[in-house]
Amino acid sequence: AVPYNVLMDALCKSGRVEEAFRLKGRMVDGTVRPTVVTFGILINGLALSNRFAEVSAVLREMEDLGITPNEVIYNELIGWHSRKGHCSEMLRLFDEMVSKGMKPTAVTYNLISKALCKEGEMERAEKILEEMLLSGMTVHCGLYNTVIAWLLQRPGTLDSVVRLTGEMLARGMKPNGALMTACIRELCKGGKHQEATGIWFEVLAKGFHVDIATSNALIHGLCEGNNMKEATKVLRAMVTQGIELDSITYNIMIQGCCKNRKMEEAIQLRDDMIRRGFKPDLFTFNTFLRAYCNLGKMEEAINQLDQLKSEGLKPDIVTYGTIIDGYCKLKNIEKANEYLTELTENGLKPNVVIYNALIGGHGRKGNISDAIGVLDTMKYKGMQPTPVTYTSLMHWMCYAGLVEEARTIFLQCIEKKIQLG
RNA sequence: UCACGAGUUUACAGAA
């Protein structure tokens, strides 16, 4: 039957459904028995050529032959209704599939959530989810996972996300790792630290495994919100719960300390990291480097550069971006250019961030013509200036009293429809 | 034979 199926599939996909059916006719007459797959191909063929009305005949034939539709057949039927926006029929099939003891697959959930979550219908997706619950329909965690994932992509849905995730947990379901991570990240971004931490603890309390990425996202979110106390609490909890930290965890915590100028603690964390067998990586070094730059301690910063080199690591564009910006903030253009040269010698290409930093350097010195020179270089190299480029340039122009020039740039931005924020 | 697609850390501007 396999060669038949292959041929029929090809025919269906090139719109020659009739011929596929004729082939199936020969199978039935002959010795080769069609299988579920055969019918799956035919149903897909009918759907592709918009002849869904004929599907019921196919289903009847299957029944006559004693062939039970499997998950794929259901997915095809659900897919058709999903694309046509026939939500109730789609959900009926979903329920039927479950009641016949079939497990919906990831494809099923994607099809359903896609239909439910179509543009502007997010509320509907939520409502349907709740209706399913109330009417005793089977709601698998996969459906929750997909609906929440869709919700997360839309602004202003955080509350729903929290509620649905809470409902999942209340029903003993576990949100998948990517979902948990996204959920926690978004919650933290929205300043909902207690909620984020709460979910994390709750999942652990239920005895579920929590991905390291999720825990890291939580700690990062808390650090970003300058909530080092809570971040430390979570870190401690990870250790006591036996969750293995990784170098990313350390890097996040180090960055958190550095941002708060707690260099001793940052160094302590790095020591701890090494003690546990992790080598500081580029992220670690770049983070320290930035911290020293921010403190105006350029010797210390360069010391980090030397150290990372001697560890066999290669400084990357971020390393140089940090150093160059550090010198530019100190109005030391000469040094900045020195590292610009080193960067190119190491086979790296300056990017927008580097140029933006240089513009800031010239600007701080009141050297607007050189700042404009950098902008010209960018354009010459075919590099797209960013909103940062323009706001920085305008700022330093105003600072130097060149308000009219700044206004000209501003008008150009509007003309080019550049969003300055 | 059916849909789509993956999560965590480091550099640049402005307002307070």
Side-chain angles (χ1 to χ4, degrees), chain A residues 2 5-6 8-10 12-13 35-45 47-48 70-80 82-83 105-115 146 149-150 152 175-185 211-221 223-224 246-256 258-259 281-291 293-294 316-326 328-329 351-361 363 385-396 398-399 420-421:
Chain A
V2 175
N5 287 344
V6 173
M8 288 167 69
D9 188 38
C12 283
K13 284 182 176 147
T35 65
V36 204
V37 176
T38 314
F39 288 104
I41 291 168
L42 290 172
I43 290 174
N44 190 37
L48 285 176
N70 65 5
E71 296 84 351
V72 174
I73 302 283
Y74 271 99
N75 285 346
E76 287 175 339
L77 302 180
I78 287 174
W80 199 81
S82 139
R83 278 182 282 271
T105 66
V107 176
T108 321
Y109 294 122
N110 277 311
L111 288 167
I112 290 180
S113 59
K114 204 170 176 181
T146 36
W150 278 89
L152 280 171
N176 68 33
L179 177 54
M180 277 274 294
T181 307
C183 186
I184 281 180
R185 176 173 32 83
D211 286 353
I212 184 65
T214 305
S215 306
N216 286 343
L218 176 59
I219 296 184
H220 179 237
C223 287
E224 280 296 292
D246 65 8
S247 54
I248 296 182
T249 321
Y250 281 104
N251 287 339
I252 292 169
M253 284 299 294
I254 289 172
Q255 157 77 350
C258 286
K259 257 187 36 173
D281 57 17
L282 259 187
F283 282 91
T284 322
F285 279 107
N286 288 345
T287 302
F288 273 103
L289 220 151
R290 159 105 194 269
C293 286
N294 282 344
D316 65 359
I317 194 68
V318 175
T319 317
Y320 286 111
T322 310
I323 296 174
I324 290 172
D325 180 57
C328 284
K329 289 217 165 86
N351 62 13
V352 259
V353 175
I354 305 278
Y355 286 119
N356 289 344
L358 287 169
I359 288 177
T386 63
V388 175
T389 316
Y390 292 114
T391 46
S392 172
L393 192 56
M394 285 162 52
H395 176 255
W396 293 114
C398 292
Y399 189 79
L420 297 178

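Labels below follow one simple rule: chain letters A, B, ... track the order of the sequence lines, proteins then strands, and each chain is numbered from 1. Below, all heavy atoms of this structure are taken into account, side chains as well, without hydrogens, waters or symmetry copies. Predicted model, so just to flag it, every value in this text is computed and none were measured.
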- Message: With hydrogens left out and only the distance checked, is there a donor-acceptor pair under 3.5 Å joining A/T322's side chain and the base of B/A11?
- Response: no

- Message: Could you tell me how far apart A/I41 (CD1) and B/U1 (P) are, to the nearest whole angstrom?
- Response: 7 Å

- Side-chain donor-acceptor pair present, A/D211, A/T181, cut-off under 3.5 Å: no

- Query: Can you name the one residue among A/V72, A/L48, A/T38, A/I73 that meets side-chain contact (heavy atoms from CB on, under 4.5 Å) with A/I43?
  - Reply: A/I73

- So, is A/R290 near the phosphate of B/A11, with a side-chain N or O under 4.0 Å from OP1 or OP2? yes

- Query: A/T287 and A/T284: side-chain donor and acceptor closer than 3.5 Å?
  - Reply: no

- A/I324 CD1 to B/A13 P, straight-line distance once rounded to whole Å: 14 Å

- Query: Is the ring of A/F283 stacked on the base of B/U9, with centres less than 5.5 Å apart and planes under 30° off?
  - Reply: yes

- Note on the structure: Among B/U1, B/U8, B/A11, the one nearest any side-chain atom of A/H220 is B/U8

- Task: Give the nucleotide from the list B/U8, B/C12, B/A11 with an atom nearest to the side chain of A/N351.
- Result: B/A11

- Query: Taking CG from A/L282 and P from B/U10, how many angstroms apart are they, rounded to a whole number?
  - Reply: 13 Å

- A/D325 CG to B/A11 P, in whole Å, measures 10 Å

- Message: Output the rounded distance in Å from CG (A/L289) to P (B/U10).
- Response: 15 Å

- Provide, to the nearest angstrom, the distance between the CD atom belonging to A/Q255 and the C1' atom belonging to B/A11. 10 Å

- Query: Side chain of A/I317: nearest nucleotide among B/A11, B/U10, B/U1?
  - Reply: B/A11

- Query: How would you label the contact of A/T181 with the nucleic acid (heavy atoms, under 4.0 Å): base, sugar-phosphate, or nothing?
  - Reply: base

- Residue A/R83, side-chain heavy atoms: nucleotide from B/A3, B/A11, B/U1 that is nearest: B/A3

- Query: Any chance the side chains of A/T322 and A/N286 put a donor and an acceptor closer than 3.5 Å?
  - Reply: no

- If we ignore angles and hydrogens, is there a donor and acceptor under 3.5 Å between the side chains of A/T249 and A/D246? yes

- Query: Do the side-chain N or O atoms of A/K329 get closer than 4.0 angstrom to the phosphate oxygens (OP1, OP2) of B/A13?
  - Reply: yes

- Side-chain donor/acceptor of A/N176 to base of B/G7, under 3.5 Å: no

- Query: Whole Å only: how far is the CG atom of A/D246 from the C1' atom of B/G7?
  - Reply: 13 Å

- Just call it for A/T214: base, sugar-phosphate, or nothing, with non-hydrogen atoms closer than 4.0 Å on any strand. base

- Rounded to whole Å, OH of A/Y390 lies from C1' of B/A13 at a distance of 13 Å

- OP1 or OP2 of B/A11 less than 4.0 angstrom from a side-chain nitrogen or oxygen of A/K259, does that happen here? no

